[in-house]
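Each ligand, and each atom within it, is numbered from 1 in the order the structure gives.
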Amino acid sequence: RQVALPRNKNLPPVVFHYIPWFGSAAYYGEDPYKFFFECREKYGDLFTFILMGRRVTVALGPKGNNLSLGGKTSQVSAEDAYTHLTTPVFGKGVVYDCPNEMLMQQKKFIKSGLTTEALQSYPPLIRDECQEYFANTLGINPSRPSSKKVDLLHAMAELIILTASRTLQGKEVRESLNGSFAKLFEDLDGGFTPLNFMFPNLPLPSYKRRDVAQKAMSDFYMKIIENRRKGETDHEHDMIASLQGCKYRNGVPLTDRDISHIMIALLMAGQHTSSATSSWALLHLADSPELYESLYQEQRTKFGNPDGTFRDLTYEDIKECKLLDATIRETLRMHAPIHSIYRKVMSDIPVPPSLSAPSEQASYVIPKGHYIMAAPGVSQMDPLIWQDSKVFTPTRWLDEAGVAAAAVEQYSKSEQVDYGFGAVSKGTESPYQPFGAGRHRCVGEQFAYTQLSTIITYIVRNYTMKLEVPEFPKTNYRTMIVQPMNPLVSFTLRKQEV
Ligand code: HEM
């Protein structure tokens, strides 16, 4: 392929493509990382590609991440990039269907619902759900002590929604999971796909089902709030309870509708990200009996009772499980659930010379109207940054002096910023950003770690695992979230159920 030089030489190079409007859609869509790494070889860290009529400028590496995720609101906008996808699913008035300044306050409200006290109450509830799911739904229990072959992604999707609803979403949601809610979720989720992102308004049945489900789910949350207000249900220390009574800085309270839509947004934000992450982590564990045994020994040494049982895992205990923590971190390094983070360019962005292609003297400008894309997964798997970048090595996170870990530390601590919920590390120039960075950084990280750690601990303590496919599952990039293909494993109950 040859480089097509833009007429205006201050614009980034355009990725060569044959079909004008379609551009590099197939090349990018099939395997975005292959596309990014190959383009980086040819064009450097900054290049533009055509994606079904859109001009998308990719900025790679820590500096590229910073350009996009650390950009000023006058230059980059998430709401202009995402609202056509998210508003029909979450509903109006929240997240990207409001000015950024309001989203920042909504994130502060969400943060205030995820207190240490709330997080401390979650591990026992998550454990109960795991126990019930493995023993009854999957049917692996002492009365039938055989192995069971399971589609891991399917199982984790069920377990994540069960545990998220038992904890964050509230007991009414958990109770109705066996009924109408599951179908509503399925229909809503069917409207949160790359097709919806590329084509917001197609006359397809799935779009109609999405709209019907959005209305019904929003009404469902409204009813919960109404019933709680009437005192018909017990008050719960969950996210709904926390959001009730929150007020914007100008004194305007969140309406019940706003709360309903925030709850839908949280449900969608945490579901596939966490189910994919737990699936990938467990696949690596099934693939590496040695690592699995080390995790088991970590549990035995720290929490094992002399009779072979374990004491219940607490929120504080999770922080003690260093190898478990490293396993999740490493999973997110190699399988960042979100491979592309988009922003709409609102005003021309001058590119620092350090990001320009080595042969170019002039600095580039990313013009208004383009999209700018960050792909933190590229720096997370860059062989120039990480030793044996393609090898799953949790222990790299335990080596304080390790080059990569040191670089991450240095970058993450570089800048403190306060968006209204206390100073946080902006970390926009970090090579490790599975939870994003800057003003749109994830607020669910601690919840996700608590949920993932408790689920994996439950499995490690109680089951052995085996991969049931001839080779390690490949990646499916055709969904919004990076998922494993055909992730079959078998679970076998350890001798003693605890
Ligand atoms: C934002 C990843 C779990 C709620 C983000 C972003 C990423 C991310 C990369 C930044 C998106 C952007 O800049 O456009 C993840 C991963 C998760 C996870 C890897 C699990 C392993 C969760 C959970 C929740 C959640 C469990 C809710 C409880 C949010 C919210 C935002 C966000 C509210 C803010 C969106 C914005 O400001 O634009 N997440 N997330 N996430 N996430 Fe998560």
Considering only heavy atoms of Y96, which atoms of ligand 1 have at least one such atom less than 4.0 Å away? 35 (C), 36 (C), 38 (O)
Ranked by distance from atom 24 (C) of ligand 1, the top protein heavy atom is G444 CA, 3.6 Å
The answer for which part of E79 has a heavy atom under 4.0 Å from ligand 1 is neither
Polar atom proximity, S274 to ligand 1 (N or O, under 3.5 Å): no
Looking only at protein heavy atoms, identify the closest one to atom 4 (C) of ligand 1 and say how far it is in Å. A269 CB, 3.5 Å
Report yes or no: does a heavy atom of A78 sit under 4.0 Å from some atom of ligand 1? no
Shortest heavy-atom approach to atom 27 (C) of ligand 1 - which of T277, L267, L266, I262: L266
Can you confirm whether the side chains of D189 and H272 place a donor and an acceptor under 3.5 Å from each other? yes
Should the proximity of L114 to ligand 1, defined as any heavy atom under 4.0 Å, be assigned to the side chain, the backbone, both, or neither? neither
Pull out every atom of ligand 1 sitting under 4.0 Å from any heavy atom of I341, numbered as shown with elements. 12 (C), 13 (O), 14 (O)
At what distance is the nearest protein heavy atom to atom 42 (N) of ligand 1, and which residue and atom is it? C442 SG, 3.2 Å
Which residue supplies the protein heavy atom nearest to atom 11 (C) of ligand 1, what is that atom called, and how far is it? H440 O, 4.1 Å
Test log, rule ring pair (Phe, Tyr, Trp, His ring centres under 6.0 Å), inputs Y432 and W397: CA-CA 12 Å; Y432 181 74; W397 295 99; 4.8 Å; yes
Please say which of T331, L285, T327 ends up in a side chain to side chain contact (heavy atoms under 4.5 Å, CB included) with I456. L285
shortest atom 15 (C) of ligand 1-to-protein heavy-atom contact is with F435 CD2, 3.7 Å
Between E298 (side chain only) and L324 (backbone N and O only), is there a donor and an acceptor less than 3.5 Å apart? yes
For a ring pair (Phe, Tyr, Trp, His ring centres under 6.0 Å) check, start with the C-alpha distance between Y27 and F49, then their side-chain angles and the critical distance, and finish with the verdict. CA-CA 10 Å; Y27 185 10; F49 74 100; 9.0 Å; no
Does ligand 1 have an atom under 4.0 Å from some heavy atom of Y342? no
Can you pull out the closest protein heavy atom to atom 14 (O) of ligand 1? Residue, atom name and distance to 0.1 Å, please. R343 NH1, 3.1 Å
Side-chain touch Y122/T163, heavy atoms, less than 4.5 angstrom: no
Check whether the ring centres of F109 and Y248 lie less than 6.0 Å apart, and answer yes or no. yes
Lys NZ or Arg CZ of K319 over Y315 ring: under 6.0 Å, within 45°: yes
Compute the minimum heavy-atom distance from M239 to ligand 1 and say whether it is under 4.0 Å. no
D151 and L488, any side-chain heavy atoms less than 4.5 Å apart: yes
Is it the case that ligand 1 has an N or O less than 3.5 angstrom from some N or O of K107? yes
If you measure every N or O of T273 against every N or O of ligand 1, does any of those distances drop under 3.5 Å? no
Between the side chains of E158 and Y133, does any donor sit under 3.5 Å from an acceptor? yes
When distances are taken from atom 33 (C) of ligand 1, the protein heavy atom at minimum range is V443 CG2, 3.4 Å
Just need the protein heavy atom nearest to atom 2 (C) of ligand 1, so name the residue and atom and give the distance. P434 O, 3.5 Å
Tell me the contacting part of V95 for ligand 1: side chain, backbone, both, or neither, using a 4.0 Å heavy-atom threshold, strictly below. neither
Can a donor-acceptor pair be found between the side chains of T57 and T48 at a distance below 3.5 Å? yes
Are F90 and H261, when compared by the centres of their aromatic rings, separated by less than 6.0 Å? no
Sub-4.0 Å atoms of ligand 1 with respect to non-hydrogen atoms of L168: 28 (C)
